[in-house]
S.K.: 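Before anything else, here's the structure in question.
Protein chains get the first letters and strands the later ones, always in sequence-line order, with residue 1 at the start of each.
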There are 2 protein chains.
Amino acid sequence: MRKANEHSPTKEKLLEMARQLMQTQGYSATSVDQICEAAGLTKGSFFHYFKSKEKLGKAVLDYYVLSSYQMILEAPFFKKKDPLHRLYGYLDFMVERFKDPANESNCLLGNFAQELSDTHPEIRTRCAGHFTHLAELFKKTLDETKASYAPEARLDTQSLSDHFIAVLEGSILLAKAKQDKGIIEKSLRHFKQYLKTLFEK
Amino acid sequence: MRKANEHSPTKEKLLEMARQLMQTQGYSATSVDQICEAAGLTKGSFFHYFKSKEKLGKAVLDYYVLSSYQMILEAPFFKKKDPLHRLYGYLDFMVERFKDPANESNCLLGNFAQELSDTHPEIRTRCAGHFTHLAELFKKTLDETKASYAPEARLDTQSLSDHFIAVLEGSILLAKAKQDKGIIEKSLRHFKQYLKTLFEK
DNA sequence: CATAATAAACCAACCGGTTGGTATAATAAT
DNA sequence: ATTATTATACCAACCGGTTGGTTTATTATG
């Protein structure tokens, strides 16, 4: 008996290949055969680890979001003491992340949400949960900033966090269509400018 | 001989059905058979009007964007004299449009851009063109507003228009995933607040 | 030996697209 | 005005290929 199914390197490889393919081609356009070929495995092997393509989809989604989440938590900006600096660091980090040619300039989460929300309700729910989760992480820094820089202000940090996610996803989408990554930076700069008016009066 | 192929009611029906199906299910998840069944026609008929599914995709995209475009041009807000009021009218109009249960709260343009940019380069180009076109329309009002309310300001109305499109598309995406249309309104309210700081000092 | 991992062959359903053909109606020739 | 011609509109059946998924068997491994 080999070690448990859960963390097999083969499963990891299937996940990673699926992530790569689905991030660039989307879910529907990526076939199981394609994933198997990329991983140098056969379908029998694939269905040994994932009972269906949809289960794989969910796993890939979690896999992607978890890694994004960890990238943020481990990034240098996240350790900054001053919440306002940390807040701006957040934006700069995202700009750099999507500017870097080493990374894909796609968001698999946004991709899945757009493509599968109407046809795969369970995946839609999962996307919604991940969006909420990511917004909450941003909201923490936002709340700290508010407490320090604009404690009196009437400001809905919840909806502002959602707004941030929307700006990010929207600009990624636009950048992809126009093949111009600069759009992400410019759009986030406008968002930063908005934050400045809220916290630097 | 009936009148030319171009404006046949049958073709119109295929287009409209394709739009409906693709707007909710996406491009890949919508089969030609499905469209034919919805239109009460057969595949032979379909391929008489469209040489391929991709050609249909392009036609549906243009069909959707043209109607969106006309909705804006014909909306009451668009006739307002004061550019600032027209600018705000723009935002309110979008909020109402996507709040109304009669309309789909999806954007087919955003959907296609997300789903097909990497696999269908010609459709990607078309999406980019439409985005540019819509941004330019917004920019006109923006430029007028700037001229009247903040002529001295150093303000990149081009990138601000792109930012608007990004906010719109991003919030639509988020609203879809979370099944909460209120997100669009809240996000556009933040954007409006940002515009206020630029033009109402 | 028992169990998990991988492979190979296979399957029914479905995909986009083609075929050959018919019905219809406008045009041209008589 | 009647007929022959031609182009369009539409359909039912079908095609080869691909899809997600299964089955059965072989190979490793503990």
S.K.: If each of A:Ala29 and A:Lys51 is mapped to the nucleotide of DNA chain D with the nearest heavy atom, which maps nearer the 5' terminus, i.e. the 5' end?
M.R.: A:Ala29
S.K.: Please check this pair: side chain of B:Thr197 against backbone of B:Tyr194, looking for a donor-acceptor N/O pair closer than 3.5 Å.
M.R.: yes
S.K.: For B:Lys55 and C:dG17, what is the distance between atoms NZ and C1' respectively, to the nearest whole Å?
M.R.: 14 Å
S.K.: Does A:Asp162 come within less than 4.0 Å of B:Lys186, counting only side-chain N to carboxylate O?
M.R.: no
S.K.: Would you call the rings of B:Tyr90 and B:Phe138 parallel, tilted or perpendicular if under 30° counts as parallel and over 60° as perpendicular?
M.R.: perpendicular
S.K.: Rounded to whole angstrom units, what separation is found between the CG atom of A:Leu14 and the P atom of C:dA7?
M.R.: 10 Å
S.K.: Counting any heavy atom closer than 4.0 Å, what does A:Thr30 reach on the DNA or RNA strands: base, sugar-phosphate only, or nothing?
M.R.: sugar-phosphate
S.K.: Taking only side-chain nitrogens and oxygens of A:His48, does any of them come within less than 4.0 Å of OP1 or OP2 of C:dT6?
M.R.: no
S.K.: Could you tell me whether A:His133 and A:Tyr69 have their ring centroids closer than 6.0 angstrom?
M.R.: yes
S.K.: Please report the distance, rounded to the nearest Å, between CD in A:Glu37 and P in D:dT18.
M.R.: 12 Å
S.K.: Expressed in angstrom and rounded to an integer, what is the separation of A:Lys13 atom NZ from C:dA5 atom C1'?
M.R.: 16 Å
S.K.: Nearest-Å distance, CG (A:Leu41) to P (C:dA4)?
M.R.: 19 Å
S.K.: Is any side-chain N or O of B:Ser52 closer than 4.0 Å to OP1 or OP2 of C:dG16?
M.R.: no
S.K.: So does A:Lys43 reach the base of D:dG20 with its side chain, donor to acceptor, closer than 3.5 Å?
M.R.: yes
S.K.: Using a cut-off of strictly less than 4.0 Å, decide whether B:Tyr49 has a side-chain nitrogen or oxygen near OP1 or OP2 of D:dC10.
M.R.: yes
S.K.: Could you state the atom-to-atom distance from CZ of B:Phe47 to C1' of D:dA13 in whole Å?
M.R.: 15 Å
S.K.: Measure from CG on A:Asp33 to P on D:dT22 and round the result to the nearest Å.
M.R.: 14 Å
S.K.: Does the side chain of B:Ser31 get closer than 4.0 angstrom to OP1 or OP2 of C:dC15 through an N or O atom?
M.R.: yes
S.K.: Please work out whether the ring planes of A:Tyr27 and A:His120 are parallel, tilted or perpendicular, with thresholds of 30° and 60°.
M.R.: perpendicular
S.K.: Tell me: NZ of B:Lys11 to P of D:dC10, nearest whole Å?
M.R.: 12 Å
